[in-house]
Amino acid sequence: MAGGSTDIPDVPVVIISGPSGSGKSTIVNRLIRVCPVRLYKCVSATTRPPRPGEVDGEDYYFLTPEEFERRRQAGAFLECEQVHNLGHWYGTLIDELRKARQQKAIPVLEIDVQGAVKVRRRVPRVLSFFVRTPSDREYADRLRQRNTDAPEVIEKRLKTALEELKLADRYDYQIVNDDLDRAVSEIAERIAQWEGRGIA
Ligand code: 5GP
C-alpha cells in the first residue's frame, strides 16, 4: 500500500452503509461484478484483527494501531472512525480513490453512518445507499448465525445497528435486502442513472 498524498481526487463516490447483519458486504461484492458502470471497491484500513479467512489487502488493510495513527496524522484518510465502541479504527484511504480514478471506475465505499457524514462533507458528488433487512429482528438473527464474533461483541454490534437505523433517512436510497438479486439490481440501476452524466 502506497503512503499516499492527501489531495482528494475529483471523483464521484458511491457509499453503501447498513448495520452488521444487513448483508451489505454480499451486496457490494455482487454489485461490483454485475453493475454496468465500472466500479472499484475501496479496501478500508482497520486495526481490528483479521477474522478467519480474511485476506490483507483484499478484505481490509490490517494495520497496527501505530501505523493507523501515523497515517491518520499524515492526513492519508478521507475519513476514519472508531466503529462499534470496541476500540478498533476503520478508515478510507485517499489513495483508494486515486486507484479507482486510474481504473476509470467509480469508487464504492462500504462504511458506517458516521464515516458517510464525513465523506459527504469532503466529496461533492456522492450517491448513498442504506441497506436494511425487512425487519429489525433479523439483524440479531443474522449476526448470531454468522457466529464469527464473541457474544458480547455481537451485542455491541447489535446496539450499534439500532443506532445506525436511526440515521437511515439521511441516505439517498434505502434498500431492503429481502432478495439479494433484486437489491443488487436496484442499486445498479440507480448508479447507472446517476452516472449517466459521466465521470471525468
Ligand atoms: P466489520 O468489523 O464487520 O468488518 O465492519 C464493521 C463496520 O465497520 C461495518 O459497519 C463497516 O461498514 C464499517 N467500516 C468498514 N470500513 C470502514 C471505513 O473505512 N470507514 C468507516 N467509517 N467505517 C467502516
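By convention here, the first residue in the shown sequence is residue 1. Start at 1 and go down the list; that is how both ligands and their atoms are numbered.
A continuous path of ILVMFWY side-chain contacts below 4.5 Å connects Val34 to Ile27, so both sit in one hydrophobic cluster.
In this structure, Phe77 and Phe68 have parallel ring planes: the angle between them is below the 30° cut-off, well short of the 60° mark.
Heavy-atom distances between His88 and ligand 1 stay at or above 4.0 Å for every pair.
The heavy atom nearest to atom 16 (N) of ligand 1, considering only Ser25, Ser17, Pro49, Ser44, is found in Ser44. Closest heavy-atom approach to atom 20 (N) of ligand 1 within the set Glu79, Arg48, Lys118, Glu164: this belongs to Glu79.
Taking 4.0 Å as the cut-off between side-chain N and carboxylate O, Arg182 and Asp178 count as a salt-bridged pair.
Distances between N or O atoms of Glu54 and those of ligand 1 include no value under 3.5 Å.
Here CD of Glu189 is found 10.0 Å from SG of Cys35. Values are rounded to the nearest 0.5 Å. A distance of 11.5 Å separates CG of Leu97 from CD of Gln102, quoted to the nearest 0.5 Å.
Close approach of ligand 1 to Val83 (heavy-atom distance below 4.0 Å) involves ligand atoms 7 (C), 8 (O), 23 (N). Atoms of ligand 1 lying under 4.0 Å from at least one heavy atom of Gly91, given by number and element, are 18 (C), 19 (O), 20 (N). Numbered from 1 in the order shown, with element, the atoms of ligand 1 that lie under 4.0 Å from a heavy atom of Glu81 read 22 (N).
Looking only at heavy atoms of the protein, atom 1 (P) of ligand 1 is closest to Tyr60 OH, 3.4 Å. The protein non-hydrogen atom at the shortest distance from atom 6 (C) of ligand 1 is His84 NE2, 3.4 Å. Counting protein heavy atoms only, atom 13 (C) of ligand 1 is closest to Asp112 N, 4.0 Å. For atom 9 (C) of ligand 1, the nearest non-hydrogen atom of the protein is Lys24 NZ, 3.8 Å.
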side-chain hydrogen bond (donor to acceptor under 3.5 Å, both in side chains) between Arg38 and Gln103, intermediate numbers included: CA-CA 9 Å; Arg38 191 186 304 185; Gln103 296 184 16; over 6 Å; no

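Of the options Ile111, Asp112, Thr92, a side chain to side chain contact (heavy atoms under 4.5 Å, CB included) to Glu81 is made by Asp112 and by none of the others. The only member of Glu66, Glu69, Gln82, His88 that meets side chain to side chain contact (heavy atoms under 4.5 Å, CB included) when paired with Thr47 is His88.
Counting heavy atoms closer than 4.0 Å to ligand 1, residue Glu96 contributes nothing at all.
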